[in-house]
Amino acid sequence: MEKIQGLSNKEVEEQIQKENVNTLPKDNLKSNWKIIADNVFTLFNLYNLIIAIALISVKAYTNVFFFAIIAVNVFIGIIQEIHGKNLVKKLSILNTAKATVIRNGKEKKIEVEEIVLGDTIVLAQGDQIPSDAQIISGEIEVNESLLTGESDLILKSEKDTLLSGSYVVSGKCYAKIEKVGENNFANRIISSAKKQKSNNSELINSMKKVTRFTSFVIIPFGIILFIQAYITRQTDITQSVIATAAALLRNVTKRVNLINHDFIRIRSY
């Protein structure tokens, strides 16, 4: 067999300039600040904050404890979402750190992130395939269970495609890198798992519109309740605020429970 030369230093530099390098794809997950903002700055929290401020302004401190429960719930929600994000972030199929390539006719150990398009890699028993490639010489058996879930060994020979993330069980071969970075099969799987997906359900969107409408009704409803208690029934301002706050809290809580119930019912279908 003719000796495999691989890429020259000049060809490697050309591929690097074209950005055809096996760099890991960037995470498209929410940042921690985005998670905090989504949990803190909600209409529900705003209403409860306004109610709490109104109660504090009339020195009804014992009635403000409800806000502590809301704050704890928000904190727990933030911690759970950040924890979930970190678990997803750790998802990885590629565990190998180094690969053996042939450059200028010589074998060389390099970092997986330094592999470029067109590189020739050497694969032997126990190696993980770092990037999608095509065999140019030799024969190996591979295990693709991490990618397909099937534990059967697959025989790969010349011109067969090798998928990144699979393991070499036996044999030895030389393969030419065909895809790098985000284009790799393994990286596409991980990117798909980490991708933020918006729910475009027509039923959920309609429910959100109704919720948004009823949210704006709460403010004038609260003003009417306060006027009725303070002016019509001539209750003192402290009791008027407490009564209005209690009625609004019941209304807001009932609305949130109804929304949660509807979401659970929708998800069960």
Side-chain angles (χ1 to χ4, degrees), residues 1-31 85-86 88-150 154-197:
M1 184 188 77
E2 184 180 340
K3 185 178 179 182
I4 298 173
Q5 294 296 318
L7 297 179
S8 65
N9 291 336
K10 183 180 178 182
E11 289 171 326
V12 172
E13 285 299 321
E14 288 175 355
Q15 293 296 342
I16 291 173
Q17 289 176 5
K18 293 178 182 177
E19 297 185 350
N20 292 328
V21 187
N22 195 42
T23 52
L24 295 174
K26 294 180 180 178
D27 287 327
N28 52 8
L29 300 171
K30 281 185 183 180
S31 67
K85 185 201 79 169
N86 290 336
V88 173
K89 194 173 182 179
K90 289 178 182 177
L91 283 175
S92 178
I93 294 176
L94 293 172
N95 298 313
T96 186
K98 290 185 177 289
T100 303
V101 299
I102 298 178
R103 290 181 179 175
N104 300 306
K106 296 180 181 179
E107 290 191 8
K108 179 182 179 182
K109 282 269 188 184
I110 63 170
E111 299 289 333
V112 169
E113 290 83 2
E114 295 176 1
I115 293 173
V116 299
L117 191 66
D119 253 330
T120 300
I121 57 173
V122 184
L123 297 168
Q125 183 179 0
D127 290 341
Q128 186 181 33
I129 299 167
S131 201
D132 294 359
Q134 185 181 64
I135 296 177
I136 56 177
S137 177
E139 189 176 80
I140 57 173
E141 278 188 314
V142 298
N143 185 328
E144 296 181 346
S145 59
L146 282 176
L147 307 174
T148 64
E150 299 291 336
I154 302 172
L155 183 66
K156 299 280 187 176
S157 54
E158 192 173 336
K159 293 187 179 180
D160 283 340
T161 298
L162 302 174
L163 298 177
S164 54
S166 50
Y167 281 89
V168 180
V169 179
S170 64
K172 181 178 179 179
C173 76
Y174 297 88
K176 186 176 181 180
I177 299 297
E178 291 190 319
K179 293 179 182 177
V180 291
E182 295 181 355
N183 295 320
N184 274 324
F185 186 77
N187 287 337
R188 290 205 306 271
I189 292 175
I190 295 298
S191 295
S192 177
K194 293 181 177 180
K195 188 176 181 181
Q196 297 179 45
K197 298 174 183 177

Across all chains, not counting sequence neighbours, the salt bridge (Lys or Arg N to Asp or Glu O under 4.0 Å) partners of E113 are none
Salt bridge (Lys or Arg N to Asp or Glu O under 4.0 Å) filter on D132, not counting sequence neighbours, yields none
Any side-chain heavy-atom pair from V122 and K172 closer than 4.5 angstrom?
yes
**Message:** If you define the side chain from C-beta out and look only at heavy atoms, does anything of E111 sit under 4.5 Å from E114?
**Reply:** yes
| Going by heavy atoms in the side chains, are I177 and I121 under 4.5 Å from each other? | yes
Rounding to 0.5 Å, atoms CD (E107) and CD1 (I4) come to a distance of 9.5 Å
Partner of D119 under salt bridge (charged side-chain N to carboxylate O under 4.0 Å, His left out), picked from R103, K179, K108, K176, is R103
Nearest heavy-atom contact between Y167 and G126 is CD2-O, 4.1 Å
Without swapping roles, check the side chain of E11 against the backbone of S8 for a donor-acceptor pair under 3.5 Å.
-> yes
When rounded to the nearest 0.5 Å, the distance separating SG of C173 from CG of D127 is 9.0 Å
When every non-hydrogen atom of G6 is compared with those of T120, the smallest separation belongs to CA-OG1, 3.9 Å
Within-4.5 Å side-chain heavy-atom neighbours: S157 and I135: no
Exactly one candidate in N20, V101, L7 meets side chain to side chain contact (heavy atoms under 4.5 Å, CB included) with V116; the answer is L7
For E178 and L117, the nearest pair of non-hydrogen atoms, with its separation, is O-CD1, 3.1 Å
Decide if atom CD of E141 counts as having more than 12 heavy atoms of other residues, nucleotides or ligands within a radius under 6.0 Å.
-> yes
The reported gap from OG1 in T161 to CD1 in I129 (rounded to nearest 0.5 angstrom) is 10.5 Å
- Determine yes or no for a side-chain-to-main-chain donor-acceptor pair under 3.5 angstrom, with N143 supplying the side chain and S145 the backbone. yes
Paired with N22, the side chain to side chain contact (heavy atoms under 4.5 Å, CB included) test is passed by just one of N183, I115, I110, namely I115
Here the salt bridge (Lys or Arg N to Asp or Glu O under 4.0 Å) pairs for residues 156-168, sequence neighbours left out, are E144-K156
Quiz item: Should V142 and L162 count as side-chain neighbours, where that means a heavy-atom distance under 4.5 Å?
Solution: yes
Of all heavy-atom pairs linking L123 and A175, the shortest is CD1-CB, 4.5 Å
